[in-house]
Protein chains: 2
Amino acid sequence: MPKPQATIYDIAALVGVNASTVSRALSRPGRVSAATQRRIEDAARELDYHVNTVARAVKTGRLQTIGLLVPDIAYAVYQDILRGAERAAREVDYVVLVGEEFRSAQAELDWARRVRAAVDGVILASPRIPDARIREFAGDKPTVVVNRVLNGVPSVVPDVAPGVRAAVVRAAELGHRRLLYIPGVGSSWMSRSRWDILEAAGAEAGIEAVSAPPGMPSRRRGAELADDVLASGCSLVIAFNDLIAIGLLQELQDRSVPVPERLSIVGFDNIRGSDFTSPRLATIGAPLNEAGGQAVRMLLARIEGSTDRGTAADDGGPGAPSYGLATVFHERGSLGPA
Amino acid sequence: MPKPQATIYDIAALVGVNASTVSRALSRPGRVSAATQRRIEDAARELDYHVNTVARAVKTGRLQTIGLLVPDIAYAVYQDILRGAERAAREVDYVVLVGEEFRSAQAELDWARRVRAAVDGVILASPRIPDARIREFAGDKPTVVVNRVLNGVPSVVPDVAPGVRAAVVRAAELGHRRLLYIPGVGSSWMSRSRWDILEAAGAEAGIEAVSAPPGMPSRRRGAELADDVLASGCSLVIAFNDLIAIGLLQELQDRSVPVPERLSIVGFDNIRGSDFTSPRLATIGAPLNEAGGQAVRMLLARIEGSTDRGTAADDGGPGAPSYGLATVFHERGSLGPA
DNA sequence: TTGTAAGCGTTATCAT
DNA sequence: ATGATAACGCTTACAA
């Protein structure tokens, strides 16, 4: 039986002032005499008063809440983003509404719309929602995208190049001359982006890069590709993500194909568990909790901006800010001499 | 520049009825004539109307939001709980506020208090908050605890026995006669609980169980215990969680101590990545997303109950409902003959 | 069936 | 410095 919370009227009655005075004293201290301020604070403590953020939000339009949509909380990348976002939010007394694992782009959009009225802004991490819908949504509610670039909407994306370049250079040193890329799903912006950078970095370092056909980014797929990989004549495989890489690595191990002696394997994302394998999986990852925090800060700026109308620094146009995060190559046992 | 959302007044104006009629039509259809119902729905669609849940909540006291506190979203157990909870919540049009990775019990309690006014109820998953504080909080706000039993507060806990018994029986079949348990932190209710069951199941199956001293449940700790484990004269180690088990397994591997030939290892929790190791880690886990969903359903019942005052089925007393979830033993390569 | 009006707890704009 | 009062958008008796 939850007991009713105390309101500013209860305090007002106890202290003998008007409710509006209580509100002033409690929201932005300094607008009220030191004496009443003290008495009000004492009364608040005595009654165990806590501001009703919902009632406040009706008036102010601010619930101090942000929405965060992630495709899959079981994948380390999104755990990091959530962690970074939640931490950054808590620092400024915001809380985070999480939506996870949606069946379709439509389900994602439904969720975003469902929470729209209950949040001050939304962070969309690698959503499947089409560009146009996101832009539309961003027009209604401050929005930041993560892991995806989208003209007109501010975004936080990893800068894939540094990590890839480091990995490729190291591979060249180890004598690799031909590498095979295993992509993710064909429509993935991120998969394409990784391939482009990989090819370019390979050319620079004197490594020829070839690509397998696109497909699901799962362990199962990695395992299924084992034959093709061995027949490819490549000494190095770089997979779109760690799951594929781990699936391949385990399959080879089950067949007693030595890694990295016969084949070197490198993944992407540095997921938790990528170093549970033996040999431990070499991988290219970005500090994604940094990304989560950065996304929150960009969103907050937008939220502030949307009040001082006209003062906002950016208009969400094509030049919308984008924050790049350098990826890092984690050299581990699954990469060895060619 | 977010544009203002349409309100029921906009619809009312467009259709030419009173706002209250719109409210009736949109909240619980049937209280209004079929004709106006249609016109109102059309207008709503045209104006892209979405109910302002915040404004509604001021009146009804229901935000259709629940709070979920987890210690660590990087750990698979809590991912499962979050997933199950979010899914169950979404089914009934609720959304989930997540708090994660708190520095201290105090920080956890602060978070719970912070969200109190913005949620209809709270799920606390293995919180560090002391019993008394949880009970206090549960008096103010519908609350369900997960992974912990606490007189007076409804809870969802895994039933450790079935999984442990299955593992121990199998171990006995494989010839093991002495097993070493590596506990978690001394104050952990869950660690103690696992040990108690383990000891009992061992006695039944003719396996003597001994325990190492308590400590951090980390990979590092597992690695550090390698010497003690090898010197213990046990042929089987059961660790409080998978991280410890994986740390130990990897350390042994680095030393070329064969697993499971020289030593069998079993973990707890069946975390994602527990089968990335080689050999794959045998482990005892519970269907925790089931737990998340169940917690939501119990919470919802409580939330409903707290309105029909006096009608509530349970009083939160010592007999508060508790839902047990059977654990399962996942037999994998790290368990072999003694 | 529909309209009127009060009120949810807060903040903000007036006066005083 | 403080009080009275009008919103905020919605729900809900109560009237009509």
Side-chain angles (χ1 to χ4, degrees), chain A residues 2-41 43-44 47-65 93 116-120 140 306-308, chain B residues 2-41 43-44 47-65 93 116-120 140 307:
Chain A
K3 42 177 180 267
Q5 288 294 312
T7 74
I8 53 174
Y9 288 93
D10 299 326
I11 299 179
L14 190 60
V15 175
V17 295
N18 190 280
S20 60
T21 303
V22 177
S23 173
R24 269 191 288 262
L26 262 24
S27 45
R28 222 171 337 106
R31 299 291 303 149
V32 75
S33 82
T36 38
Q37 177 77 32
R38 264 196 53 79
R39 290 165 53 218
I40 288 173
E41 280 171 359
L47 296 175
D48 190 34
Y49 168 84
H50 292 272
V51 63
N52 183 328
T53 54
V54 173
R56 167 198 281 161
V58 180
K59 187 83 194 82
T60 63
R62 298 277 175 73
L63 237 193
Q64 310 229 115
T65 299
D93 201 32
R116 174 165 51 186
V119 300
D120 301 344
D140 286 355
S306 66
T307 295
D308 331 331
Chain B
K3 41 180 183 270
Q5 288 294 309
T7 72
I8 54 174
Y9 290 93
D10 298 324
I11 298 179
L14 189 61
V15 175
V17 296
N18 190 279
S20 62
T21 305
V22 177
S23 172
R24 272 189 287 260
L26 263 22
S27 43
R28 221 171 339 106
R31 299 290 304 149
V32 76
S33 82
T36 40
Q37 177 78 32
R38 264 196 52 79
R39 291 166 53 220
I40 287 174
E41 280 171 359
L47 295 176
D48 190 36
Y49 169 84
H50 291 272
V51 63
N52 184 329
T53 52
V54 172
R56 166 197 282 160
V58 180
K59 187 96 203 33
T60 63
R62 298 277 175 73
L63 237 194
Q64 310 225 115
T65 300
D93 200 34
R116 174 166 48 186
V119 300
D120 302 342
D140 286 355
T307 295

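Excluded from the calculations below are hydrogen atoms, water molecules and symmetry mates; all remaining heavy atoms, backbone and side chain alike, are included. Each chain gets a letter, A, B and so on, in the order its sequence line appears, and its residues count up from 1.
Among the candidates Arg38(A), Arg39(A), Glu41(A), the single residue satisfying the side-chain contact (heavy atoms from CB on, under 4.5 Å) test with Val15(A) is Arg39(A).
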- Item | Verdict with supporting geometry, Val51(A) and Arg56(A), side chain to side chain contact (heavy atoms under 4.5 Å, CB included) | CA-CA 8 Å; Val51(A) 63; Arg56(A) 167 198 281 161; 3.6 Å; yes
- Task: Using the side chain to side chain contact (heavy atoms under 4.5 Å, CB included) rule, take Leu63(B) and Val119(B) through it: C-alpha gap first, then chi angles, then the decisive distance, then the call.
- Result: CA-CA 6 Å; Leu63(B) 237 194; Val119(B) 300; over 6 Å; no
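The side-chain heavy atoms of Thr65(A) and Thr65(B), taken from C-beta on, include no pair separated by under 4.5 Å. Asp140(A) has its side chain within reach of Arg116(A): a pair of non-hydrogen atoms, C-beta onward, lies under 4.5 Å apart.
In this structure, the side chain of Gln37(A) does not engage the main chain of Val32(A) through any donor-acceptor pair within 3.5 Å.
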- Task: Could you encode protein contacts along nucleotides 8-16 of chain D as a string, one character per nucleotide from 5' to 3', using B for base contact, S for sugar-phosphate-only contact and - for no contact, with a heavy-atom cut-off of under 4.0 Å?
- Result: BBBBBB---
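Taken residue by residue, residues 31-40 of chain B places no heavy atom nearer than 4.0 Å to DNA chain D.
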Can you give the donor-acceptor pairs under 3.5 Å from side chains of residues 4-12 of chain B to other protein atoms, not counting sequence neighbours?
from	atom 1	to	atom 2	distance (Å)
Thr7(B)	OG1	Tyr9(B)	N	3.1
Thr7(B)	OG1	Asp10(B)	N	3.4
Asp10(B)	OD2	Thr7(B)	N	2.8

